[in-house]
Every structure is written in C-alpha cells, then in structure tokens.
Amino acid sequence: MPLLTLDKLVVRYGEIEALHGLSMAVEAGEVVTLLGANGAGKSTTLRAISGLLKPAGGDIRFDGRSITTLGPEAIVRLGIAHVPEGRRLFPGLSTRENIMLGGASNRGRIAKSVLMKESDEMFDLFPDIRPFADALSWTLSGGQQQMVAVARGLMAKPRLLLLDEPSLGLAPVIVQKVFAIIGEIRRRGTTVLLVEQNARMALSVADRGYVLETGHLATSGRPAELWANDEVRAAYLGGRIEKAT
Ligand code: ATP
C-alpha cells in the first residue's frame with residue numbers, strides 16, 4: 001500500500017479548476033518529484049495534500065486513511081510536513097527560534113530543552129546554518145533561509161515531507177547542497193514529495209517523477225524513462241537542461 005495516494009483529485013480556485021482529476025501515489029521511502037511548467041498545478045497539489053486547500057472532488061489517502069476532509073493541523077499531526085515555496089520564515093526571530101517553531105507548533109506541548117536538543121540535531125544536518133543559530137533569519141542568504149525552512153519542516157518529525165521549489169532563486173552551488181540534503185533526509189527514513197522547476201536536479205535525486213500539464217497528468221516514470229522520452233524532454237523538462245550522463 002502506498003504511503004500517499006491521490007485518487008482523481010479535483011481542486012478549484014473559485015471558478016478556475018486547477019487540478020482535473022489527478023491520480024498519483026508515493027511509496028514509503030521514495031523521493032518522488034512533481035514536474036511541469038508554471039501554472040501546471042504542482043503547488044496546488046501540495047496545498048491540497050497538506051489541507052490548505054479543500055478538494056472539490058476525489059480522495060487523498062495517507063497510510064491507508066482518507067485525509068481529504070482533515071484540516072492542516074490534523075494532517076501535520078498524522079506526519080505530513082509542508083515546506084512552502086518562498087520559505088515563509090519569521091524574519092524577526094532567530095534561526096534557532098524559527099527551527100524550534102516547527103516542533104512546537106506541530107507536536108503540541110514539548111519542553112524547551114527537548115526543542116533545543118532537536119534543533120541542535122538539525123544543525124548537524126545543516127552545518128552551514130549552525131554559525132547563524134542566533135542571527136535573525138532575515139539576515140541569512142536565500143540558501144541559508146531555505147535550509148532553515150527545511151529544518152523547521154523536519155522538526156515535525158514527518159513521515160512525508162512536501163518540498164515546494166527548494167531550489168528557487170538559489171545559486172547553483174547552493175542548489176547542489178540543498179539536493180544533497182534531500183538525499184540525506186531520505187536515507188534517514190523520511191519519504192519526500194518534491195515540486196521542482198529544476199527538472200535535472202530533481203530527477204537526479206528522485207526514484208520516480210510525475211509530469212503535470214495544466215492540471216492533468218502528462219506522464220510518469222523513473223528518471224531514466226522520462227529522460228528517454230524526447231517529447232517529454234522537449235515539452236516538460238525544459239530547453240535549459242541537458243541530458244544527465
Ligand atoms: P508555479 O511553478 O508557477 O507555482 P504550479 O505548477 O505550482 O506553478 P499552481 O501554483 O498550482 O501551479 O497553479 C495552478 C493553476 O491554479 C494556475 O492556473 C494558477 O493560475 C491557478 N492558481 C494558483 N493559485 C491560485 C489562487 N490563489 N487563485 C486563483 N487561481 C490560482
């Protein structure tokens with residue numbers, strides 16, 4: 001049984017239908033990437049899974065149970081954490097405070113000493129941000145802020161991590177680091193659903209990919225299968241990428 005199943009998911013913004021019956025699945029332990037052009041519906045899919053948008057039709061199942069009608073707090077408690085596009089940190093709080101909030105808000109009352117210890121563990125995973133533990137988060141670079149956002153999501157101890165465009169606006173060397181961390185997160189046992197514009201990087205860490213086209217599933221498969229499909233490569237994986245060697 002997949003950890004996450006989307007079954008004919010329909011999501012609307014008022015009159016606009018953004019997802020027209022999307023079906024896909026993520027197995028426990030996988031990194032699955034959701035690719036597609038701007039406006040294809042990738043962020044909408046993540047928002048529906050985490051309960052921020054209520055589907056107009058279809059079903060979302062997590063670990064065999066329907067979560068379609070649950071709110072975001074209940075969904076995060078079941079073990080799904082969402083790292084949204086744009087990081088959304090609290091700029092006036094320190095790096096450590098932002099990270100600790102991920103544990104505090106999602107897991108009820110937890111002693112501050114426990115959150116301190118767990119945030120220290122996050123600095124083991126993200127050594128680049130350890131020197132900035134006490135710095136206000138707005139002073140950090142884009143890449144450092146992205147690491148804080150991912151660390152905050154991991155503080156919820158999720159079984160499934162939803163990552164929306166973690167490479168957005170980052171320099172290539174920083175993108176490499178962020179993707180290396182995604183590999184490490186999987187090695188530690190967390191399943192990842194990754195939305196990306198950077199198809200080359202996403203397919204380099206993913207076990208499988210789904211390609212969305214204006215709210216429909218265009219195709220899906222293992223990275224090698226997606227690369228091998230000329231039409232898919234040209235239409236959905238973008239001209240700015242080269243075939244992986
Ligand atoms: P991007 O990479 O640009 O974020 P995406 O694949 O994540 O693209 P979505 O943001 O999910 O795409 O958008 C899917 C469709 O829903 C688009 O047509 C978009 O214009 C529309 N849409 C997204 N958010 C809203 C909103 N808040 N109100 C109305 N329409 C929206």
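Read the numbers this way: they start at 1 and go in the same order the structure lists the ligands and their atoms. Numbering starts at 1 and runs along the sequence shown.
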Answer yes or no for atom 13 (O) of ligand 1: protein heavy atom present at a distance under 4.0 Å?
-> yes
Is there at least one pair of N or O atoms, one from A18 and one from ligand 1, spaced under 3.5 Å apart?
-> no
What atoms of ligand 1 come closer than 4.0 angstrom to any heavy atom of E165?
-> 2 (O)
Assess the side chains of E165 and N198: does a donor N or O sit below 3.5 Å from an acceptor N or O?
-> no
Under 4.0 Å from atom 19 (C) of ligand 1, do we find at least one protein heavy atom?
-> no
What's the shortest distance from atom 3 (O) of ligand 1 to any protein heavy atom, and which residue and atom give it?
-> N38 OD1, 3.1 Å
Is ligand 1 less than 4.0 angstrom away from at least one heavy atom of A37?
-> yes
Sidechain-backbone polar pair: T33 side chain, V195 backbone, donor-acceptor under 3.5 Å = no
Residues R96 and D120 bridged, charged N to O under 4.0 Å | yes
Salt bridge check: are R187 and E184 linked by an N-O gap of less than 4.0 Å?
-> yes
Compute whether any side-chain donor of one residue and acceptor of the other, for E213 and H216, lie under 3.5 angstrom apart.
-> no
Closest to atom 2 (O) of ligand 1 among protein heavy atoms sits Q197 NE2, 3.1 Å
Do me a favour and list the nearest non-hydrogen protein atom to atom 17 (C) of ligand 1 with residue, atom name and distance?
-> G39 O, 3.5 Å
re atom 23 (C) of ligand 1, the protein heavy-atom contact at minimum distance is Y13 CE1, 3.4 Å
How would you list all residue pairs meeting side chain to side chain donor-acceptor pair (under 3.5 Å) that involve residues 51-60, not counting sequence neighbours?
-> D59-R61, D59-S66, D59-T68
Starting from atom 11 (O) of ligand 1, locate the nearest protein heavy atom and write down its residue, its atom name and how far away it is, to 0.1 Å.
-> T44 OG1, 2.5 Å
Which option, G14, G215, S43, A40, owns the non-hydrogen atom nearest atom 10 (O) of ligand 1?
-> S43
State the atoms of ligand 1, each with its element, that fall below the 4.0 Å cut-off from a heavy-atom position in E85.
-> 4 (O)
Verify, without hydrogens or angle tests, whether Y210 (side chain) and G221 (backbone) share a donor-acceptor contact under 3.5 angstrom.
-> no
Contacts of T45 that satisfy side-chain contact (heavy atoms from CB on, under 4.5 Å) - sequence neighbours left out = L6, L19, L22, L34, I49, L212
Run the contact test for G36 against ligand 1 with a 4.0 Å cut-off on heavy atoms, strictly below, and give the result.
-> no
With a 4.0 Å cut-off, would you call R222 and D207 a salt bridge?
-> no
